[in-house]
Amino acid sequence: MSDAASCAPFQELLPELALGILDGRERAGALAHVATCPSCAAELEALSQAADAVVGAAPELEPPVGFEVRVLDAMHAGFRDRSRSRRRRRALAAAFAALLLLAGVGIGALVERPSAPAPSATLAADVSYAPFSAGGRPLGAALAYGGGATSWMFVAIDHIRISGPIGCMVETSSGATVDLGEFWLDGGSGTWSVRLPVATSALRRAVLTDGHGRVVASASFQT
Amino acid sequence: MIRRSASDRTVSDETLLASIAVGDERAAIVFVRRYQRRVFGLARALLCDDALAEEVSQEAMLRVWRHAPVFDPRRASVATWVLTITRNLAIDALRVRRSVPVDPDGMVSLLGGDDATDKTIEHSLTQRSVRAALATLPDEQRRAVVLAALYGHTAAEIATYEGIPLGTAKGRIRLGLAKLRGELLEQEAPA
């Protein structure tokens with residue numbers, strides 16, 4: 001419920017909020033109010049449109065000769081890198097599979113029978129595997145590997161439609177959520193490895209979030 | 001996909017971005033041609049330096065291309081998104097190179113002035129109408145709005161820059177943005 005009195009302190013902040021110039025604390029408070037107050041939300045929307053219009057008001061100017069070519073060259077290099085990275089991803093997927101085999105666990109066993117037979121490989125393997133999928137479509141996987149003093153997690157992602165930072169967290173059997181930081185997806189794919197501060201046996205779920213903190217994929221660890 | 005299109009202008013910005021997001025190089029070419037004058041114009045106005053403006057403009061284009069998959073047309077227009085990226089990169093460049101003289105006064109008069117030639121493609125809020133709306137603001141309000149919207153200055157920074165109390169700065173921002181919004185609404189729906 002909001003009334004004029006409760007809106008007043010936040011209404012004063014709306015112009016600065018719309019312009020994006022409020023500092024952290026004031027911004028958080030104002031956004032929290034706007035989330036629950038339709039009239040302030042509408043006002044913010046209207047002010048934001050005006051603020052956005054100013055960004056578009058600078059006069060157009062022809063860039064120096066060759067600008068277009070230089071930009072397209074840089075993009076073209078990026079397009080080439082993307083197809084290179086597709087080959088790299090296939091190589092990584094193969095490496096992933098090799099790691100699983102080293103750990104003495106066949107991929108077939110993991111996919112078809114989550115409770116796989118005990119590994120017999122030479123490496124002391126404490127392995128957990130969490131395949132990401134959405135609507136039945138595989139998106140990648142996280143592989144947690146604990147050998148000796150250090151545990152590691154290796155994440156390979158393909159087909160998440162994001163280019164940008166991806167947050168990675170794991171949930172443990174004690175109910176804790178451990179933030180493992182961010183990695184970068186380019187064109188929807190990427191790989192990443194990170195040291196795990198918890199034992200692989202304690203892992204229950206892996207969760208990936210986008211730049212706004214929204215969950216984009218999650219998976220349960222199968223050991 | 002855009003390959004069938006005979007004319008650049010028949011494809012919407014959103015469609016172009018969606019095509020770029022799936023790696024359509026033709027769409028990228030059309031997009032750069034469509035936006036380079038606006039992007040460079042904004043960068044040059046903020047940075048007052050051709051070489052730096054080109055660097056920032058190029059990075060802005062690449063960033064648009066890289067982030068095309070995450071663009072959400074419900075949250076902003078393509079033009080606003082592209083130019084906001086450009087503005088933010090320019091502000092970063094200004095902060096890094098503190099020795100580069102900025103010319104907000106030049107920018108303010110640039111934006112408040114009348115532009116007889118407007119070769120832009122039609123949008124819902126053309127540059128010309130926004131500049132006309134800005135021109136109706138009292139000088140000090142226009143300065144405050146421009147310093148905030150284009151240079152990213154906070155009310156406190158504007159107060160320092162203009163040599164006025166914080167409350168006065170906030171008031172100018174508030175009144176200026178409200179008046180701008182009113183002018184833009186009036187342009188869209190003439191009585």
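Predicted model only: the values in this text are computed from it and were never measured. All chains are named by letter (A, B, ...) in the order of the sequence lines, taking the proteins before the strands, and each is independently numbered beginning at 1.
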Nearest non-hydrogen partners of [X] and [Y], listed with the distance:
X         : Y         : result
Ala148(B) : Ile21(A)  : CB-CD1, 3.7 Å
Ala57(A)  : Leu134(B) : CB-CD1, 4.3 Å
Phe40(B)  : Pro63(A)  : CD2-CA, 3.5 Å
Val71(A)  : Leu62(B)  : O-CD2, 4.2 Å
Phe67(A)  : Gln36(B)  : CD2-OE1, 3.3 Å
Leu177(B) : Ala51(A)  : CD1-N, 3.9 Å

What distance separates [X] [atom1] from [Y] [atom2], expressed to the nearest 0.5 Å?
X        : Y         : atom1 : atom2 : result
Met61(B) : Glu68(A)  : CE    : CD    : 9.0 Å
Gln49(A) : Leu185(B) : CD    : CG    : 8.0 Å
Leu42(B) : Glu60(A)  : CG    : CD    : 11.0 Å
Arg66(B) : Met75(A)  : CZ    : CE    : 9.5 Å

Exercise. Is a side-chain donor or acceptor of Arg181(B) paired with a backbone partner of Ala50(A) at a separation under 3.5 angstrom?
Worked result: no
For this session: Would you indicate whether Glu12(A), at its atom CD, is surrounded by more than 12 heavy atoms from other residues, nucleotides or ligands within a distance under 6.0 Å?
Result: no
Exercise. Are more than 12 heavy atoms from other residues, nucleotides or ligands located less than 6.0 Å from atom CZ of Arg27(A)?
Worked result: no
Problem set entry | Toward chain B, the part of Leu72(A) with a non-hydrogen atom under 4.5 Å | side chain
Exercise. Which bit of Ile29(B) comes within less than 4.5 Å of chain A, counting heavy atoms only: side chain, backbone, both or neither?
Worked result: both
Seminar exercise, completed: Turns out that what part of Arg174(B) lies under 4.5 Å from chain A's heavy atoms comes down to both
Seminar exercise, completed: Among Glu54(B), His67(B), Arg87(B), the residue with the most heavy-atom pairs under 4.5 Å to chain A is Glu54(B)
For this session: Could you check Arg37(B), Arg33(B), Arg38(B) and say which one makes a salt bridge (charged side-chain N to carboxylate O under 4.0 Å, His left out) with Glu62(A)?
Result: Arg37(B)
Problem set entry | side chain to side chain contact (heavy atoms under 4.5 Å, CB included), paired with Leu19(A), selected from Leu150(B), Thr154(B), Ile173(B) | Ile173(B)
Exercise. Name the one of Thr80(B), Asn88(B), Leu83(B) that satisfies side chain to side chain contact (heavy atoms under 4.5 Å, CB included) with Val55(A)?
Worked result: Leu83(B)
Exercise. Any side-chain heavy atom of Pro59(A) sitting closer than 4.5 Å to one from Arg131(B)?
Worked result: yes
Seminar exercise, completed: With chain B, the option among Asp210(A), Leu14(A), Asp52(A), Leu13(A) that has the most non-hydrogen atom pairs under 4.5 Å is Asp52(A)
